[in-house]
Amino acid sequence: MPELPEVETTVRLLRRELVGRRFLRVSLKWPRQCPTPEDLRTELPGREVTALSRRGKFIVVHLDPADRTLLVHLRMSGQLSVQPESAPFDPHAHTVFSLDDGLELRFSDTRKFGRVYLLRDPEDVFAQLGPEPLDSAFCPKWMRERFRTRKRAIKTLLLEQSVVAGLGNIYADESLFRAQIDPRRPASSLNSREVRALHRAIRAVLEEAIEHQGTSFDWVYSGGEMQSRLKVYGRKEQPCSRCATPIQRIVVGQRGTHLCPRCQR
DNA sequence: AACAGCCCCTGGGTGC
DNA sequence: TGCACCCAGGGGCTGT
């Protein structure tokens with residue numbers, strides 16, 4: 001379940017391998033992952049990668065000519081890696097991009113939720129996203145404005161990409177634990193002190209996770225060490241690190257949710 | 001506008 | 001041992 005730290009780590013790794021490379025061919029083995037497969041096949045070959053960046057959970061591949069931008073969203077199980085053509089066949093590599101140095105960029109996605117887009121203007125997609133949590137536009141004032149009219153559970157709002165771009169189930173739970181806020185609380189019930197604590201917690205959790213190259217979980221994403229630092233996610237019935245009360249797993253907004261029933265109010 | 005609920009997928013886990 | 005079933009989870013979509 002790649003979230004902001006895992007996507008950021010992926011972008012940093014791929015940047016070294018992709019910038020300056022030119023796309024030769026695109027092979028689509030499951031075209032449904034690309035909303036416009038024809039455009040991808042005809043427009044991408046010949047373009048050079050000028051830069052890689054991230055917006056929320058989107059990987060952004062900047063191109064020359066610049067009238068198209070390649071976006072990749074990993075969703076649940078997507079993985080993006082550069083490999084030699086001779087690397088072992090991966091049955092889940094649904095989209096394979098041939099590069100001008102003989103290597104391949106492979107988009108592998110067991111559950112097929114991920115998406116690849118080739119767009120004229122990525123701002124059409126980014127306009128739906130809230131601010132980057134590590135940017136100054138994401139501030140307690142802005143959070144309070146978004147929470148003011150919302151009765152839904154605060155956890156559910158943290159997962160909305162229009163509120164803040166990049167949080168997923170793991171780091172939403174971890175942020176709420178660090179801020180000592182019950183994930184079921186109506187968003188509008190948080191006072192300004194609690195919003196400030198949550199703001200600080202989100203930034204601290206994400207920064208720590210990026211520093212440790214994300215969380216390796218299941219077969220989905222590997223490489224990071226953050227899983228050993230998680231305080232609640234995946235720790236059902238294990239003692240809370242603050243008070244030793246067993247961590248609970250409940251369901252909030254149809255998502256598995258982990259909390260300390262004593263520390264989080 | 002806000003929100004609940006369903007859907008897409010697959011492989012791992014569970015229970016019989 | 002084998003097999004049917006259930007579930008996770010991001011986000012788009014529909015219906016209320």
Side-chain angles (χ1 to χ4, degrees), chain A residues 1-8 10 28-37 54-60 71-80 90-95 107-117 119 122 124-130 132-133 143-176 183-190 202 206 209 214-222 226-227 230 232-237 247-259:
Chain A
M1 44 247 30
E3 306 179 27
L4 187 153
E6 290 76 27
V7 176
E8 179 63 29
T10 300
L28 302 166
K29 280 140 191 163
W30 201 71
R32 280 183 62 189
Q33 289 190 312
C34 312
T36 50
R54 177 191 58 72
R55 178 73 175 94
K57 300 176 195 170
F58 285 92
I59 295 166
V60 187
L71 297 188
V72 179
H73 198 302
L74 303 173
R75 295 275 186 100
M76 286 297 301
S77 58
Q79 292 175 292
L80 208 49
D90 175 358
H92 301 298
H94 305 296
T95 307
F107 179 54
S108 179
D109 187 8
T110 312
R111 294 185 189 175
K112 298 180 176 172
F113 284 177
R115 290 291 177 270
V116 177
Y117 307 84
L119 302 176
D124 294 345
V125 171
F126 300 156
Q128 316 300 317
L129 300 178
E132 286 292 318
M143 291 170 74
R144 284 206 87 183
E145 275 172 31
R146 299 309 305 244
F147 295 168
R148 195 166 50 85
T149 59
R150 309 291 301 272
K151 288 185 192 154
R152 301 185 86 180
I154 181 64
K155 155 92 183 257
T156 305
L157 281 210
L158 293 185
L159 294 178
E160 280 186 17
Q161 301 301 295
S162 58
V163 171
V164 55
L167 283 185
N169 210 35
I170 295 174
Y171 299 113
D173 282 3
E174 292 297 315
S175 299
L176 286 161
R184 294 162 290 196
R185 288 267 303 280
S188 56
S189 76
L190 269 64
I202 289 169
L206 292 177
T215 300
S216 301
F217 206 81
D218 290 350
W219 61 95
V220 170
Y221 173 85
S222 63
M226 186 63 187
Q227 66 276 10
L230 300 179
V232 287
Y233 188 87
R235 300 194 72 244
K236 179 185 174 186
E237 289 168 13
I247 298 301
Q248 275 184 8
R249 184 186 183 280
I250 61 174
V251 174
V252 176
Q254 295 163 220
R255 293 284 181 262
T257 298
H258 310 74
L259 74 152

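Below, each value reflects all heavy atoms present in this structure, side chains not excepted, and no hydrogens, waters or symmetry copies. Here is the naming used below: chain letters follow the sequence lines, and residue numbers restart at 1 for every chain. All of these numbers come straight from a predicted model, not from anything done at the bench.
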Can you confirm whether the side chains of A:His94 and A:Asp109 place a donor and an acceptor under 3.5 Å from each other?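 Side-chain D/A pair, A:His94 to A:Asp109: absent.
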
Check whether any side-chain heavy atom of [X] lies under 4.5 Å from a side-chain heavy atom of [Y], and answer yes or no.
X	Y	answer
A:Lys155	A:Asn169	yes
A:Thr36	A:Tyr117	no
A:His258	A:Leu230	no
A:Arg55	A:Glu132	yes

Take atom [atom1] of [X] and atom [atom2] of [N], then tell me their distance rounded to the nearest Å.
X	N	atom1	atom2	result
A:Glu160	B:dA1	CD	C1'	12 Å
A:Ile250	C:dC7	CD1	C1'	18 Å
A:Leu74	C:dG9	CG	P	17 Å
A:Arg111	C:dG10	CZ	P	10 Å
A:Phe113	B:dG11	CZ	C1'	12 Å
A:Glu6	C:dG10	CD	P	11 Å
A:Phe147	B:dC3	CZ	P	12 Å
A:Glu145	B:dA1	CD	P	17 Å

Apply side chain to side chain donor-acceptor pair (under 3.5 Å) to A:Arg255 and list each qualifying residue two or more places apart in sequence or on a separate chain.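 Applying side chain to side chain donor-acceptor pair (under 3.5 Å) to A:Arg255 gives none.
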
Please state whether the phosphate of C:dA8, meaning OP1 or OP2, lies under 4.0 angstrom from any side-chain nitrogen or oxygen of A:Tyr233.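 So the side-chain polar atoms of A:Tyr233 never come under 4.0 Å of the phosphate oxygens OP1 or OP2 of C:dA8.
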
Does B:dC9 have its OP1 or OP2 closer than 4.0 Å to a side-chain nitrogen or oxygen of A:Arg32?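 So the side-chain polar atoms of A:Arg32 do come within 4.0 Å of the phosphate oxygens OP1 or OP2 of B:dC9, strictly under.
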
Identify whether any heavy atom of A:Arg115 sits under 4.0 Å from a base atom; if not, whether one sits that close to sugar-phosphate; answer base, sugar-phosphate or nothing.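 It contacts nothing in the nucleic acid.
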
Do other residues, nucleotides or ligands put more than 12 heavy atoms under 6.0 Å from the CD atom of A:Glu145?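 Check passes, neighbour count above 12.
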
Charged N to carboxylate O under 4.0 angstrom, A:Lys57 versus A:Glu3?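 No, no charged N to carboxylate O under 4.0 Å.
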
Protein proximity profile, nucleotides 11-16 of chain C - base contact B, sugar-phosphate-only contact S, no contact -, cut-off 4.0 Å on heavy atoms: BS----

Residues touching DNA chain B, which here means a heavy atom under 4.0 Å, drawn from residues 148-158 of chain A: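 A:Thr149, A:Arg150, A:Lys151, A:Arg152 - these, ordered by number, are the residues of the stretch whose heavy atoms sit under 4.0 Å from the strand.
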
Output, in order, the C-alpha distance, side-chain angles, deciding distance and verdict of side chain to side chain contact (heavy atoms under 4.5 Å, CB included) for A:Val72 and A:Thr95. CA-CA 11 Å; A:Val72 179; A:Thr95 307; over 6 Å; no

